[in-house]
Peer 1: 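Here it is: the structure, laid out below.
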Amino acid sequence: MKYWFLLFILFLVPSCRTMTPLPHTAVISPSLREKCFPAVSQSAFRAVHVIHATIRGQSSSFIGVTIADISTDRIRATLLNIEGLVLMDAVDDKGKITLYQSMQPFNSARFAGGLFDDIRFMFFPPHGDLIDARVKADGTVACTWIDHGDVFEKKAAVSGETMIKEYDSDHKIIRRVRLSPPIIKGFYKDIRMDAYYGSGGYSLSLELLEGEHLENVDGLFAP
């Protein structure tokens, strides 16, 4: 099916990085820091989305089930086609990836690694060295921080619409994610991520079907 080739490409396109000097960490008030890096009241969750993936004008749709425990940096991702066939079921435990079930081309560790990296970008709270933070006249909170050599810019509007952009050290954009209200039980209804790796990059549009915060994650990351 065409989505197999599409998703295979999505997470296999390498990015080339060069290093230039980065700005220094700024002294920022605790209240403003909280606006940039909000505390997470519930660190574990399960979310189900309809995902539309597009690359070079070709689109495919599938279902994504994400289980994550942010406090322990564990993620379980399950991808299904629209008929319910499991294409991939994998766990990332602090960067160690285990494939429980997969079909070609989803049995690539590189594919899984790219998928988990995008999940962290879209769903995990931001962190790093905050170098700038301010509240604009219209109430928009604008933040800039550095994490593992990349620069991130966040703009959170009063409406709840939030945009986060990731740049390499030469300020070349790598990814951006737009989080759009309404927010249902702490989950954004719509998420749009664009990645700019390689010549064409790709985009993912996620529509929330259901989501829940979890008190107990025992057994959820096991086969």
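All values derive from a computational prediction rather than experimental measurement.
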Peer 1: Is the shortest distance from a Lys or Arg side-chain nitrogen in D150 or R175 to a carboxylate oxygen in the other one below 4.0 Å?
Peer 2: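 The answer is no: the pair does not qualify as a salt bridge.
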Peer 1: Would you call D73 and R120 a side-chain contact if the rule is heavy atoms closer than 4.5 Å?
Peer 2: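 A side-chain contact exists here, since the closest heavy-atom pair is under 4.5 Å.
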Peer 1: Would you say V217 and T72 make side-chain contact, with heavy atoms under 4.5 Å?
Peer 2: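 No; the side chains remain at least 4.5 Å from each other.
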Peer 1: Quick one about E161 and S180 (side-chain donor to acceptor, distance below 3.5 Å, no hydrogens or angles considered), yes or no?
Peer 2: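 Indeed, the side chains of S180 and E161 share at least one donor-acceptor pair under 3.5 Å.
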Peer 1: For R134, is the CZ atom crowded, meaning more than 12 foreign heavy atoms sit under 6.0 Å from it?
Peer 2: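 12 or below, so no.
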Peer 1: Has K94 got more than 12 heavy atoms of other residues, nucleotides or ligands less than 6.0 Å from its NZ?
Peer 2: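 Yes - once you tally the heavy atoms of other residues, nucleotides and ligands closer than 6.0 Å, there are more than 12.
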Peer 1: Are the side chains of I28 and W145 in contact, using a 4.5 Å heavy-atom criterion?
Peer 2: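 No, every pair of side-chain atoms sits at 4.5 Å or beyond.
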Peer 1: Rounded to the nearest 0.5 Å, how far does NE2 of H49 lie from CZ of F62?
Peer 2: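 If we round to the nearest 0.5 Å, F62:CZ and H49:NE2 are 11.5 Å apart.
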Peer 1: Run the side-chain contact (heavy atoms from CB on, under 4.5 Å) test on K172 and Y196 for me, step by step, so that the C-alpha distance in whole Å, both residues' side-chain angles and the decisive distance to 0.1 Å come before the verdict.
Peer 2: CA-CA 9 Å; K172 182 178 179 180; Y196 301 94; over 6 Å; no
Peer 1: Under a 4.5 Å side-chain heavy-atom rule over Ile, Leu, Val, Met, Phe, Trp and Tyr, are I119 and I191 clustered together?
Peer 2: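 Result: yes, single cluster for both.
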Peer 1: List the steps and the verdict of side-chain contact (heavy atoms from CB on, under 4.5 Å) for V91 and R74.
Peer 2: CA-CA 7 Å; V91 164; R74 290 183 296 171; 5.6 Å; no
Peer 1: Between T98 and D93, is there a side-chain heavy-atom distance shorter than 4.5 Å?
Peer 2: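 No. Closest side-chain heavy atoms not under 4.5 Å.
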Peer 1: Treating Ile, Leu, Val, Met, Phe, Trp and Tyr as nodes and any side-chain heavy-atom pair under 4.5 angstrom as an edge, say whether I183 and F123 lie in one connected cluster.
Peer 2: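 Shared cluster, yes.
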Peer 1: Calculate, to the nearest 0.5 Å, the distance between atoms CG and NE2 belonging to L206 and H52 respectively.
Peer 2: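 If we round to the nearest 0.5 Å, L206:CG and H52:NE2 are 9.0 Å apart.
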Peer 1: Nearest 0.5 Å, please: how far is CG in L179 from CE in M122?
Peer 2: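 One gets 9.5 Å once the value is rounded to the nearest 0.5 Å.
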Peer 1: For residues K35 and P38, report the shortest heavy-atom separation together with the two atoms involved.
Peer 2: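 Heavy-atom minimum between the residues: O-CD, 3.9 Å.
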Peer 1: Please assess Y202 against D118 for the test side-chain contact (heavy atoms from CB on, under 4.5 Å), listing each intermediate value before the final yes or no.
Peer 2: CA-CA 12 Å; Y202 58 90; D118 282 343; 2.7 Å; yes
Peer 1: Decide yes or no for S169 and V151: does some side-chain heavy atom of the first lie under 4.5 Å from some side-chain heavy atom of the second?
Peer 2: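 They are not in contact (no side-chain heavy atoms under 4.5 Å apart), so the answer is no.
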Peer 1: Provide the closest heavy-atom pair for D138 versus V158 in the form atom of the first, atom of the second, distance.
Peer 2: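 Looks like O-CG2, 3.5 Å.
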Peer 1: Minimum heavy-atom separation for I97 to A109, with atom names?
Peer 2: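 Nearest pair, atom of I97 first, then A109: CD1-O, 4.1 Å.
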Peer 1: Same cluster or not: V48 versus F124, using hydrophobic residues (I, L, V, M, F, W, Y) connected whenever any side-chain heavy atoms lie under 4.5 Å apart?
Peer 2: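 Shared cluster, no.
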Peer 1: Where is the tightest heavy-atom contact between A90 and L99, given as atom of each residue plus distance?
Peer 2: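 That would be CB-CD2, 3.5 Å.
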Peer 1: Please answer whether the main-chain N or O of G57 pairs with a side-chain N or O of S59 as donor and acceptor at a distance below 3.5 Å.
Peer 2: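 No; judged by distance alone, with no hydrogens or angles, the pair does not exist.
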Peer 1: Between L204 and F121, is there shared hydrophobic-cluster membership here, with clusters defined by ILVMFWY side-chain heavy atoms closer than 4.5 Å?
Peer 2: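 Same cluster: L204 reaches F121 through Ile, Leu, Val, Met, Phe, Trp or Tyr contacts under 4.5 Å.
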Peer 1: Is H127 close to D147 at the side-chain level, that is, under 4.5 Å between some pair of heavy atoms?
Peer 2: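 Yes; the side chains approach each other to less than 4.5 Å.
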Peer 1: Considering all heavy atoms of both residues, which atom of N107 and which atom of S102 are nearest to each other, and what is their separation?
Peer 2: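 The pair with the smallest heavy-atom distance is CB-OG, 3.1 Å.
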Peer 1: Using ring centroids (six-membered ring only for Trp), state whether F187 and H213 fall under 6.0 Å.
Peer 2: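 Yes.
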Peer 1: Check the hydrophobic clustering (I, L, V, M, F, W, Y; side-chain heavy atoms under 4.5 Å; chains of links allowed) and say if Y188 and I63 are grouped together.
Peer 2: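 Shared cluster, no.
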Peer 1: The test is side-chain contact (heavy atoms from CB on, under 4.5 Å); show your working for L79 and L115 and say whether it passes.
Peer 2: CA-CA 10 Å; L79 298 177; L115 174 61; 4.0 Å; yes
Peer 1: Pick from K185, R46, K189: which one makes a salt bridge (Lys or Arg N to Asp or Glu O under 4.0 Å) with E210?
Peer 2: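 Going through K185, R46, K189 one by one, the salt bridge (Lys or Arg N to Asp or Glu O under 4.0 Å) with E210 is satisfied by R46 alone.
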Peer 1: On a heavy-atom basis, which atom in D194 and which in S203 lie closest, and how many Å separate them?
Peer 2: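 What the structure gives for the nearest pair is OD1-CB, 3.1 Å.
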